[in-house]
Every structure is written in C-alpha cells, then in structure tokens.
Amino acid sequence: QVQLVESGGGLVQAGGSLRLSCAASGSIFSINRMGWYRQAPGKQRDLVATIERGGSVNYVDAVKGRFTISRDNAKSTVYLQMNSLKPEDTAVYYCHANSLHGSVGELEHWGQGTLVTVSS
C-alpha cells in the first residue's frame, strides 16, 4: 500500500513563497507519476503539476514560471516550491501518486491535503 502525507501549507502574503512536501510510504517502489492538485472553496479539484520518476514535469499554465515540482526518489518525497504566490493560489493542495502493482494493476493515491492561504 502507498500512503501520502503532505506538509508545508500555511498563511503567506502575496508575493511570498511556500514549499510543500509530500512524503510517500509503503510500496514506494511501485510509484510512477506523482503530482499536486488543488481545490479552492466551491471549485473543482484541478491539476497543478506532475513529475515522473525520471524527472519529466508538467505544469498548468496558471503556475508556470512560479511553481517548481521536484522529486527526491531516495527520500520518496515530492515537493512543490511555490514562489510569487497570488491570492488566487489559495486552496487545499493535495498530493497525488499512481502506482503499478502486478496483482491489482494501477492504483491512485491521495494525501490528506494541506491548506495554502495567500493574503492580499
């Protein structure tokens, strides 16, 4: 099984920075893609960024140039460095991972979420 635990959320002023961490445990060897999603109040949960084990990354346009996703495979941890934060970045940020298991196929995993609040 895979468990994901996020940390690093908090309150920050516009223009500031936060670094989110997501620590994976369990069957970490099976994890392929990891990513971050976010959900603002009253809105759908949207993809923010993804990173593959080999380092290939993707970002939604809204965060390009401001957010950086990275991955430390040795520590089984994915990070989201968020710079130049804007009030519209305020959301609960969720870590996500998919894993491939020979017995059950591909599984999806979600963290519990960490709240990021950006004040104007």
Side-chain angles (χ1 to χ4, degrees):
Q1 187 61 275
V2 173
Q3 296 83 40
L4 305 174
V5 179
E6 302 104 329
S7 62
L11 175 64
V12 65
Q13 292 184 337
S17 299
L18 284 174
R19 190 193 193 204
L20 306 183
S21 299
C22 174
S25 61
S27 301
I28 56 176
F29 60 89
S30 66
I31 296 175
N32 294 314
R33 181 173 296 169
M34 299 188 72
W36 291 92
Y37 290 71
R38 66 185 181 185
Q39 186 169 21
K43 301 183 69 176
Q44 66 181 30
R45 187 174 299 184
D46 294 324
L47 177 69
V48 177
T50 61
I51 185 167
E52 298 179 13
R53 178 173 290 274
S56 179
V57 299
N58 283 291
Y59 301 93
V60 294
D61 289 342
V63 306
K64 286 181 179 178
R66 299 189 297 118
F67 291 10
T68 302
I69 188 170
S70 61
R71 182 170 178 169
D72 186 338
N73 291 326
K75 295 182 178 180
S76 302
T77 302
V78 65
Y79 305 93
L80 187 68
Q81 179 66 46
M82 305 184 294
N83 298 325
S84 302
L85 283 162
K86 304 174 181 179
E88 50 263 44
D89 295 319
T90 295
V92 177
Y93 284 71
Y94 296 91
C95 184
H96 176 266
N98 60 59
S99 60
L100 185 63
H101 305 267
S103 60
V104 297
E106 191 171 37
L107 299 176
E108 292 189 76
H109 314 277
W110 291 96
Q112 82 286 352
T114 184
L115 177 63
V116 172
T117 303
V118 184
S119 63
S120 60

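FYI, the numbering just counts along the sequence from 1.
When the side chains of ILVMFWY residues are joined at heavy-atom separations under 4.5 Å, either directly or via intervening members, L18 and L4 end up in a single hydrophobic cluster. Hydrophobic clustering (ILVMFWY, side-chain heavy atoms < 4.5 Å, transitive): V2 and L100 are in distinct clusters. Using a 4.5 Å cut-off between side-chain heavy atoms of Ile, Leu, Val, Met, Phe, Trp and Tyr, with links allowed through other members, Y79 and M82 fall into different hydrophobic clusters. Hydrophobic clustering of Ile, Leu, Val, Met, Phe, Trp and Tyr side chains at less than 4.5 Å, counting indirect connections, unites V48 with V12. L107 and I28 are not part of a single hydrophobic cluster, where members link through side-chain heavy atoms under 4.5 Å apart.
Atom CZ of residue F67 and atom OG of residue S17 lie 9.5 Å apart, to the nearest 0.5 angstrom. We find the NE2-OG distance between H101 and S27 to be 5.5 Å, quoted to the nearest 0.5 Å. Rounding to the nearest 0.5 Å gives a distance of 7.5 Å between CZ of R33 and OG of S56. Atoms OG and NE2, on S30 and H109 in that order, are 6.0 Å from each other to the nearest 0.5 Å. Atom CG of residue D89 and atom CZ of residue R38 lie 4.5 Å apart, to the nearest 0.5 angstrom.
Using a distance-only test at 3.5 Å, with no hydrogens or angles considered, a donor-acceptor pair links the side chain of E6 to the main chain of G113. A donor-acceptor contact shorter than 3.5 Å links the side chain of T90 to the backbone of V118. Using a distance-only test at 3.5 Å, with no hydrogens or angles considered, no donor-acceptor pair links the side chain of T50 to the main chain of V57. Listed for the R19 side chain is no donor-acceptor partner under 3.5 Å among the backbone atoms of G8.
Legend: residues meeting ring pair (Phe, Tyr, Trp, His ring centres under 6.0 Å) with Y59, ordered by chain and number and at least two apart, are absent. By the ring pair (Phe, Tyr, Trp, His ring centres under 6.0 Å) test, H96 is found to be paired with Y37, W110, residues two or more places apart in sequence or in another chain being considered.
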**Prompt:** What's the verdict on salt bridge (charged side-chain N to carboxylate O under 4.0 Å, His left out) for K64 and D61, showing C-alpha distance, side-chain angles and the deciding distance?
**Reply:** CA-CA 5 Å; K64 286 181 179 178; D61 289 342; 3.0 Å; yes

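Closest non-hydrogen pair, F29 versus R53, comes out as O-NH2, 3.8 Å. Nearest heavy-atom pair across D46 and Q44 is OD1-NE2, 2.7 Å. Scanning all heavy atoms of the two residues, the minimum distance from M34 to V78 falls at CE-CG1, 3.6 Å. Taking every heavy atom of both residues into account, A91 and L115 meet most closely at O-CD1, 3.6 Å. Residues P87 and S120 share a closest heavy-atom pair of CG-CB, 3.9 Å.
When side chains are defined from C-beta on, N32 does not count as touching E52, because their heavy atoms never get closer than 4.5 Å. At a threshold of 4.5 Å between non-hydrogen side-chain atoms, the residues C95 and W36 count as touching. With a 4.5 Å cut-off on side-chain heavy atoms, L20 and T114 count as touching.
Atom CD of Q13 has 12 or fewer neighbouring heavy atoms from other residues, nucleotides or ligands inside a 6.0 Å radius.
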